[in-house]
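Down below is the structure, laid out as structure tokens.
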Amino acid sequence: MKIQDFNAYKKESRKITMLTCYDHWSAQILAESNVDCLLVGDSVAMILYGEDSTLNISTSDIARHVAAVKKGAPDKFIIGDMPFLSYRKDLTTTMNNVEKLMKAGANSIKLEGAQGNLEMIEHIVASGVPVMGHLGLTPQMVHQLGGYKVQGKSETQAQHIKDWAIQLQNAGCYSLVLECVPTDLAKDITTELEIPTIGIGAGNVTDGQVLVLQDMLGAFTKNAKFVKAYENLNERIKAKANLFCTEVQDLEYPSQKESYS
Ligand code: KIV
């Protein structure tokens with residue numbers, strides 16, 4: 001997928017698929033899949049580092065993960081997530097952080113929210129870096145939002161999100177993640193915008209869908225309502241780990257086949 005394809009897919013009503021990917025191993029697997037693009041999300045903080053929010057991850061950390069994913073999936077469109085506050089301090093700091101992700105191998109960056117970000121987005125886009133927006137439940141604002149809750153339920157909130165979506169498009173974003181919003185709101189925004197929306201917990205009305213890889217594989221235990229686990233990897237891994245233990249105890253592993261004479 002190339003940057004131009006995002007708009008082309010929307011025009012053709014072809015859904016965009018995106019999965020998170022943080023490491024070389026899963027990148028190699030996804031490189032051979034039909035998934036359109038890979039998001040090195042700041043959710044890596046929770047999924048791989050065991051943090052209870054996405055706040056405690058640095059741009060250097062994300063850049064390291066981007067580099068690993070790029071090596072595993074060099075031909076996929078890779079989006080690097082700008083971490084908490086990494087784009088809120090000043091222009092120089094923001095651009096240094098953007099540079100880290102792009103030089104690590106990202107094709108685009110993603111950042112959360114519209115308020116106070118629009119000028120920065122214009123500058124990043126004008127510097128040749130595609131920007132994906134993110135509205136609705138923006139996990140970096142969890143303390144402001146008072147928890148991980150559906151956003152845009154009231155008329156006023158919904159109107160704010162619609163306005164911000166248009167502002168992000170006008171600032172130059174090429175696509176927009178809509179997280180945890182009512183389906184009707186996601187539909188209104190998707191219809192209104194020229195750029196594609198990519199939903200997570202936003203119903204099937206968006207121009208694409210994104211999920212956290214470990215969630216959709218059943219390899220993470222704290223799943224939200226919108227997650228569909230297509231596998232039960234946790235149980236399968238546990239069963240194989242137990243089989244390994246049993247075989248070691250019973251002297252079945254290593255057998256002659258796995259030993260040197
Ligand atoms: O970090 C992440 O995984 C994300 C997705 C949930 C969209 O931002």
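We count ligands from 1, going down the list as the structure has it; atoms in each ligand are counted the same way.
Residue Glu112 places every heavy atom at 4.0 Å or more from ligand 1. Residue contacts with ligand 1 do not include Met18, since none of its heavy atoms lies under 4.0 Å from the ligand.
Listed by number with element, the atoms of ligand 1 under 4.0 Å from a non-hydrogen atom of Gly41 are 1 (O), 2 (C). Ligand 1 places these atoms under 4.0 Å from at least one heavy atom of Asp81: 1 (O), 8 (O).
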Exercise for the section: I would like to know whether Lys162 and Glu192 meet salt bridge (Lys or Arg N to Asp or Glu O under 4.0 Å); could you show each step before the answer? Expected result: CA-CA 9 Å; Lys162 280 186 206 170; Glu192 177 81 20; over 6 Å; no

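In Thr54, neither the side chain nor the backbone holds a heavy atom less than 4.0 Å from any atom of ligand 1. By the criterion of a heavy-atom distance under 4.0 Å, the side chain of Ile200, and not its backbone, is placed next to ligand 1.
Considering backbone and side-chain N/O atoms, Asp42 comes within less than 3.5 Å of an N/O atom of ligand 1. Among the atoms of Thr20, none of the N or O lies under 3.5 angstrom from an N or O of ligand 1. Considering backbone and side-chain N/O of Tyr22, none are found under 3.5 Å from N/O of ligand 1.
With hydrogens left out, the protein atom closest to atom 4 (C) of ligand 1 is Leu39 CD2, 3.6 Å, a heavy atom. Summary of contacts: the protein heavy atom closest to atom 2 (C) of ligand 1 is Ser43 OG, 3.2 Å. Looking only at heavy atoms of the protein, atom 8 (O) of ligand 1 is closest to Lys110 NZ, 2.9 Å.
His134 and Tyr87 have their aromatic ring centers separated by at least 6.0 angstrom.
The side-chain contact (heavy atoms from CB on, under 4.5 Å) with Lys110 is formed by just one residue from the set Val131, Asp81, Val40; it is Asp81.
Closest of all the heavy-atom pairs between Ile124 and Met95 is CG1-SD, 3.8 Å. Considering every non-hydrogen atom in both Met46 and Thr54, the closest pair reads SD-CG2, 3.9 Å.
In summary, the side chains of Ser58 and Asp61 do present a donor paired with an acceptor at a separation below 3.5 Å, with no hydrogens or angles considered.
With hydrogens and angles disregarded, a donor-acceptor distance shorter than 3.5 Å links the side chain of Asn107 to the backbone of Ile78.
Residues Ile57 and Phe84 have side chains not in contact (no heavy-atom distance under 4.5 Å, counting atoms from C-beta outward).
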